[in-house]
Amino acid sequence: MTTNEKPFSQPCENNKGFILAELKKAFAACNHVLEVGSGTGQHAVHFAPNLPYLHWHTSDVEDYHCGINQWIDEFPSENLSRPFTLKLARDEWASHCKNGNQFDAIYTANTAHIMLAHEVELLMRSIDQTLPKKGVFCQYGPFMVDGKFTSASNAEFHEKLINSGRGGYRDIDELRAWAPNLSLNRVVEMPANNLMLIWER
Ligand SMILES: C[S@@+](CC[C@H](N)C(=O)[O-])C[C@H]1O[C@@H](n2cnc3c(N)ncnc32)[C@H](O)[C@@H]1O
């Protein structure tokens, strides 16, 4: 769907306020946030000006860059970077934090059920290895908890994802096993049967 030719996601409009409230707390002491899978770019243009003390770095696979740039063109922010190419299981991200800085925060939304299992495993292992001590990782989306779906609609969507070649829902315990150096400090219930997982190194 498009609005003024920009890509548009209604769920992003619905959830951005709730997510921002959690990011304000979780990223209060962070400086450089890497967003993995920025999608349309709507989250980035909303969050960056509302978190003015940090720098927000967008990333995604190439196909999404045009749309993210359209949103940034319309809603630029001094602390918001244009997207760089990041495809898990192909590209690294450390070199994209400039001037000797490092990403001390990672944000990703609605990616763990889209990526294939080995890509999510690599995401978790990479964050586990590269996030500095006290770094924070905020991971939003639908997840399985103790081997169960959190709603019937989530179970149905998981089936559709599997049938279309996507990875499908991941269980929180599986994510935890891939990131032994991260502690899952908080699991926040969010609207529409989503969760915000707040990990710290
Ligand atoms: C459902 S969209 C979510 C987009 C946005 N974060 C949101 O919440 O609306 C899934 C995103 O994951 C990205 N993605 C899927 N596989 C990926 C991979 N292997 N590496 C990096 N990003 C990936 C897609 O390009 C897409 O932007």
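Numbers here are sequence positions counted from 1. One-based numbering, in listed order, for ligands and for the atoms of each. As the structure is a computational prediction, the values presented were derived from the model and not from experiment.
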Asks: So, is Ser9 polar-close to ligand 1, with some N/O to N/O distance under 3.5 Å?
Replies: no

Asks: Does a side chain donor of either Gln10 or Asn14 reach within less than 3.5 Å of an acceptor in the other side chain?
Replies: yes

Asks: Considering only heavy atoms, which of Leu86, Leu88, Thr40 lies nearest to atom 18 (C) of ligand 1?
Replies: Leu88

Asks: Should the proximity of His43 to ligand 1, defined as any heavy atom under 4.0 Å, be assigned to the side chain, the backbone, both, or neither?
Replies: side chain

Asks: So with a 6.0 Å cut-off around CD of Glu78, is the heavy-atom count from everything else above 12?
Replies: no

Asks: How does Tyr64 reach ligand 1, if at all, at less than 4.0 Å between non-hydrogen atoms: by side chain, backbone, both, or neither?
Replies: side chain

Asks: What are the two closest non-hydrogen atoms of His46 and Asn50, and how far apart are they?
Replies: O-ND2, 2.7 Å

Asks: Ligand 1 and Thr111, any nitrogen or oxygen pair closer than 3.5 angstrom?
Replies: no

Asks: Can the ring centroids of Tyr107 and Phe47 be said to lie less than 6.0 angstrom from one another?
Replies: yes

Asks: Suppose I only count heavy atoms of Asn110 and a 4.0 Å limit; which atoms of ligand 1 are within that range?
Replies: 1 (C), 2 (S), 3 (C), 8 (O), 10 (C)

Asks: Any nitrogen or oxygen of Val36, main chain or side chain, under 3.5 Å from a nitrogen or oxygen of ligand 1?
Replies: no

Asks: Thinking salt bridges, do Lys87 and Glu62 make one under a 4.0 Å N-O criterion?
Replies: no

Asks: For Asn69 versus Pro83, what's the shortest heavy-atom pair and its separation?
Replies: OD1-CD, 3.4 Å

Asks: Between ligand 1 and Arg90, can you find any atom pair, the residue atom being a heavy atom, that is separated by under 4.0 Å?
Replies: no

Asks: Does the side chain of Glu13 pick up a donor-acceptor pair with the side chain of Gln42 at under 3.5 Å?
Replies: yes

Asks: Could you tell me whether some N/O pair between Ile114 and ligand 1 is separated by less than 3.5 angstrom?
Replies: no

Asks: Quick one: look up the protein heavy atom nearest atom 23 (C) of ligand 1 and list residue, atom name and how far away it is.
Replies: Met115 CE, 3.9 Å

Asks: Please list the nearest protein heavy atom to atom 5 (C) of ligand 1 with its residue and the distance rounded to 0.1 Å.
Replies: Gly37 O, 3.5 Å

Asks: Any salt bridge between Asp173 and Arg176, counting N to O under 4.0 Å?
Replies: yes

Asks: Less than 4.0 Å between a side-chain N and a carboxylate O, is that true for Asp104 and Arg201?
Replies: no

Asks: Give the atoms of ligand 1, by number and element, whose distance to some non-hydrogen atom of Val61 is under 4.0 Å.
Replies: 25 (O)

Asks: Looking at Cys12, which atoms of ligand 1 are within less than 4.0 Å of one of its heavy atoms?
Replies: 7 (C), 9 (O)

Asks: Is any N or O atom of Glu119, backbone or side chain, closer than 3.5 Å to an N or O atom of ligand 1?
Replies: yes

Asks: Tell me which one of His96, His57, His55 satisfies ring-ring contact (aromatic ring centres under 6.0 Å, His included) with Phe103.
Replies: His57

Asks: Give the residue, atom name and distance (to 0.1 Å) of the protein heavy atom nearest atom 27 (O) of ligand 1.
Replies: Asp60 OD2, 2.5 Å

